[in-house]
Amino acid sequence: MTRTAELMDYAEVIERFDPVMGLEVHVELNTNTKMFCGCPTTFGGEPNTQVCPTCLGMPGSLPVVNGKGVESAIRIGLALNCRIAEWCRFARKNYFYPDQPKNFQTSQYDEPIAFEGYLDVTLDDGEIVRVEIERAHMEEDTGKSLHMGGATGRIHGADYSLLDYNRAGVPLIEIVTKPITGAGERAPEVARAYVSALRDLLRALDVSDVRMDQGSLRCDANLSLMAKDATEFGTRTETKNVNSLRSVERAVRYEMCRHGAVLASGGTITQETRHFQEADGTTSPGRTKETAEDYRYFPEPDLVPIAPGRDWVEQLRGTLPEMPAERRKRIQDEWSLTDEELRDLFNAGAVELVEATVLAGATAAEARSWWVNFLAQEANSRDTELTALAITAAQVATVIGLVNAKELTNKLAREVVRGVLDGEGEPAQVIEKRGLKVVSDDSALIAAVDEALAAQPDVAEKIRGGKVQAAGAIVGAVMKSTNGQADAKRVRELIVERVGA
Amino acid sequence: MPNISRNEVEHLAKLARLAVTEDELDTFAVQLDQILDAVAKVGEVAEADIPPTSHAVPLTNVFREDVVRPGLSRQQALSGAPAAEDGRFRVPRILGEE
Amino acid sequence: MTELIRLTAAELAEKIHAREVSSTEVTQAHLDRIGEVDPRVHAFLHVDAGTALAAAGAVDAGLAAGDAPASALAGVPLALKDVLATSDAPTTCGSRTLEGWVPPYDATVTRRLREAGVPILGKTNMDEFAMGSSTENSAYGPTRNPWDPTRIPGGSGGGSSASLAAFEAPLAIGTDTGGSIRQPGAVTGTVGVKPTYGGVSRYGLVAFSSSLDQAGPCARTVLDAALLHEVIAGHDPLDSTSIDAPVPPVVAAAREGAHGDLKGLRVGVVKEFAGTGYQAGVLRSFETAVDQLRALGAEVVEVSCPNFLYALPAYYLIAPSECSSNLARFDAMRYGLRVADDGAHSAEEVMQLSREQGFGAEVKRRVMLGTYALSSGYYDAYYGSAQKVRTLVTRDFEAAFASVDVLVSPTTPTTAFEIGERTDDPMAMYLADLCTIPSNLAGNAAMSVPSGLSDEDNLPVGLQIMAPALADDRLYRVGAAYETARDDAAGGPLVHQVPELEVAR
Ligand SMILES: [Mg+2]
Ligand SMILES: [Zn+2]
């Protein structure tokens, strides 16, 4: 961390190289119990109070698969458009590490439960990028170590460590993309958008808390650069410890610039694990893999194979909520929106409100116009969120109905809505209290028109002479004298009538 | 087929976290070679089209309800620990990455 | 009082339940016997008179209050192999690494025994982590064969088999990964059964080779083994490989066998398990046993199972591979032996030094063998091929059981060998499990029942009976019929010919 790496200018990186990314996301499931034992998974318990012989790896203990964990894995797989294995197994990934109670991780290896899928990811400007998913598999989390002594509380320089196994055995789904190529300049943005879209999807599925800050969603970003004329991928680095969406973008960008500088100076990239430093946005080398890890995978003999019946899979498919991307597309089609309109709608956070307003009888165009324009401005000036405004979708629909029935003008309608927002009650009560009814009685209007024509005889003469556009001044005067409660269209008709009479 | 070297035995011992002695290296190199020589016999009949058997009984889909089951108290969990501190297992300093 | 220790478990249970004798008296008689002969036999690693007598007292109190016995064996004491977790006694697996370790939980087998009112006398000696065929690999010294204390009692469950032959316990629990119940049974003249894989829960059984390990009953008679089988068997939701089906009617089968004949039964003699490497007296004993089966009305045919010859090499790849992973947890971090924790050594160094010191030579050898067999580049040739052999062995069994009801063979090629005879020659040692391994690979049920003494050395020989998976009851029917016929012909149970042991006073 102390020695700053050479970095290439980003524009030059893009000019000379194509970035290739691979994203591995680990998601902690929100099941009640761990993957292979009945211990609770709640976050933040007193150390070693959510443990049993199985998750402590005690001699003689055995794992039993959490059915809900499998169900969640299949639902995630289906939501990622994956194929679901007809038959698959758990395997043991053997490596010694003190946070791994059995010194092997029970994971899936060459037989993942879900494979060959994709996730469509929308970038900020509405461009859609399809990220291919290689696999989603089930595994278990490790315990947590606390490094004691030394100056930093970090692993280096520590005198000893303390281990808490509450997290050991918490169900994880590891979701691995295929290499993401062709993103070019937008690679960091694609990485961020992918993790963001995945998070939205997992939230919609209600399978995880997806809290990056608490580690229930963790991202490892693999990156390599290919020279423009190259035919094979370059050597990659794997950046871990990327704990926010912003960090995903920064880590990829940083590694692109670092790789670029190393390669440009004739150096080679070391295949290694790197750690992202949140503080300054850099990465630092972790363990160098001198010799390739030999995990000695073999089928887990303590667990029997999983063969998800197709009826079960289809039943689970039936439980999938509408996926965020599908929903965007449906809304765009149903409401005939341009890409920009769709983006504004989502950016305003108005989709649910508009949907509810449509459900209450308004058209999509009317509802969208109210929420995205006037109400968004109101929220802004009142320094609050759109969803926190003191008006319901039903109330907005009522006001829209009154406008359509010509009982309110748009101007009056806005005043009614303001009254509702100010806590003056239902739209009808606001109209009553503020006296905001449209004046539709022709006799009153005729009097006002006659009065205005009398006050401006020269204008009346022009209109009589065929210059109908001059009527605007009279309309204005009438609207003024009626406090805006007149229907301007009717006023115009009456002016022509009265002048001609 | 096998002819396991002393270096390979040393590598295996490292992978298996065994601080074997020099004498053991010599003995194990000879013995592992003999054993591997004998067990390599499985290759004589293991034709490509034979499916492997990983489990003795053909069970599938054995699942548990997602219901919390009482585990161990912290005291029980730590009862066999060589060292403990603040409710945690105390272990010597860990090398390498997190 | 001494005649109590000569009774069968079934006889003891009958007397205890009829309140002719108390469980406390029976348990005390066995504790006394252990005190007398165990210094010579060394069948036990741990004896807990207090716990055993408390359990016996509870049974007696229940019976006195008019309660029905908790099981057919309530009050009959038992010796438990030290590989099964006990929350009130150390569970060492015969290893230095677990010296003094008391698990914070009971194995399912342990729990079932307690619930059945079976007092546990203590924990029996074994080859370290069940790796061995002679009990010489125990970190706590070998167990001696009561038939000849210079000889091995079989392994890995030599403590359990010797405790029966020495009349220290009427019942014992063993575990059988490659023959560790049946082979010790054969060389000590006792009965040992490896149930169908998944028939008895493995929860709390410290794993050697998960896909092969199976706990089972050890006894002096077939009926006693059946009674114990019923107590420990049955579905356990804590073991994913446990079979969710009723326990085969083993006790009924044993009773039926003892009174019936074997008319209509087809017996297959495994052709491959004879010839060079087999002790002549063992083969003669086996042939006599086959004649006896014929005399009981069974139709005997020869059956070829050619792939059984590949079972031993496959076993010595699968078991070490699984054990290299299963034993990785013994790393000195959470439990077990820790050495060199002096602040200077890292966790990794402490792991290496602790494992080096905590494990014996055979364990290290197998851990390294398994590590090798699972390594990338070798996996297909070794572990992968071994799993294919497993398929072939299973197919041989299927083909055989299509035409016969049970298969028979000698349990082990030789009688008990001298202590120290094979310790420097792993391959010679491994041959002891030649005939027992196929049933571990295929997961089917198998039994060893005494077939008399080998005429050249007067040491016990075992007849192995193998039945299809889930047909454990067939073993008991055939075993009981054979046992009755043999005992009638020989004028009494074989185990009663065990020489008197020197008694410590
Ligand atoms: Mg993983
Ligand atoms: Zn647990």
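None of the values given here were measured: they were computed from a predicted structure. Below, chain A is the first sequence line, B the second, and so on; all start at residue 1.
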Side chain, backbone, both or neither of C37(A) within contact of chain B (heavy atoms, under 4.5 Å): backbone
If I measure from the heavy atoms of chain B, does P299(A) come under 4.5 Å with its side chain, its backbone, both, or neither? side chain
Would you mind checking which part of A81(B) comes under 4.5 Å of any heavy atom in chain A, side chain (CB onward), backbone (N, CA, C, O), both or neither? neither
One should read off an interatomic distance between L72(B) CG and C39(A) SG, to the nearest 0.5 angstrom, of 7.5 Å
With no hydrogens and no angle check, just 3.5 Å: does a side-chain donor-acceptor pair link R69(B) and T33(A)? no
Side-chain heavy-atom pair F63(B), N66(A) within 4.5 angstrom cut-off: no
Max heavy-atom pair count under 4.5 Å with chain B, selected residue of G69(A), P305(A), P308(A), C52(A): P305(A)
So, taking the atom named CG in D86(B) and the one named CG in D164(A), what distance separates them when rounded to the nearest 0.5 Å? 11.5 Å
Should we count CZ of R218(A) as having more than 12 external heavy atoms under 6.0 Å? yes
Residue, of V65(A), T41(A), L303(A), that accumulates the most heavy atom pairs under 4.5 Å with chain B: V65(A)
Could you tell me whether the side chain of N48(A) and the main chain of G87(B) form a donor-acceptor pair under 3.5 Å? yes
Looking at H55(B) and E300(A), what are the two nearest heavy atoms and their distance? NE2-O, 3.1 Å
Assert top hit (heavy-atom pairs under 4.5 Å, partner chain B, pool G143(A), P40(A), P301(A), A307(A)) equals A307(A)
Interface check, chain B: of G309(A), P53(A), S145(A), most non-hydrogen pairs under 4.5 Å belong to P53(A)
Count the heavy atoms belonging to other residues, nucleotides or ligands that lie under 6.0 Å from CD of E44(B), then report whether that count exceeds 12. yes
So what's closer than 4.5 Å to chain A heavy atoms on V67(B): side chain, backbone, both or neither? backbone
Less than 4.5 Å to any heavy atom of chain B: does that hold for the side chain of P47(A), its backbone, both, or neither? both
Examine distances only and state if a side-chain atom of D66(B) and a backbone atom of T31(A) form a donor-acceptor pair shorter than 3.5 Å. no
How are the rings of F89(B) and Y165(A) set to each other: parallel, tilted or perpendicular (split at 30° and 60°)? perpendicular
CD of Q76(B) to CE of M58(A), rounded to nearest 0.5 Å, is 8.5 Å
Quick check: do L15(B) and R296(A) have side-chain heavy atoms less than 4.5 Å from each other? yes
Rounded to the nearest 0.5 Å, the NE2 atom of H147(A) sits from the CZ atom of R93(B) at a distance of 13.0 Å
CG-CG distance between L12(B) and D294(A), expressed to the nearest 0.5 angstrom: 9.5 Å
Please report the interatomic distance CZ(R88(B)) to OG(S161(A)), rounded to the nearest 0.5 Å. 11.5 Å
Looking at Q214(A), I want to see if its CD is surrounded by more than 12 non-hydrogen atoms of other residues, nucleotides or ligands under 6.0 Å. yes
Measuring heavy-atom distances to chain B, does L162(A) have an atom under 4.5 Å in its side chain, in its backbone, in both, or in neither? both
Is there a side chain to side chain contact (heavy atoms under 4.5 Å, CB included) between N61(B) and V304(A)? Walk through the geometry before answering. CA-CA 7 Å; N61(B) 296 344; V304(A) 303; over 6 Å; no
Kindly indicate, with the supporting measurements, whether the criterion side chain to side chain contact (heavy atoms under 4.5 Å, CB included) is fulfilled by R64(B) and F36(A). CA-CA 8 Å; R64(B) 175 177 57 79; F36(A) 303 114; 5.7 Å; no
Ranked by heavy-atom pairs below 4.5 Å to chain A, first place among A84(B), P92(B), A56(B), S54(B) goes to S54(B)
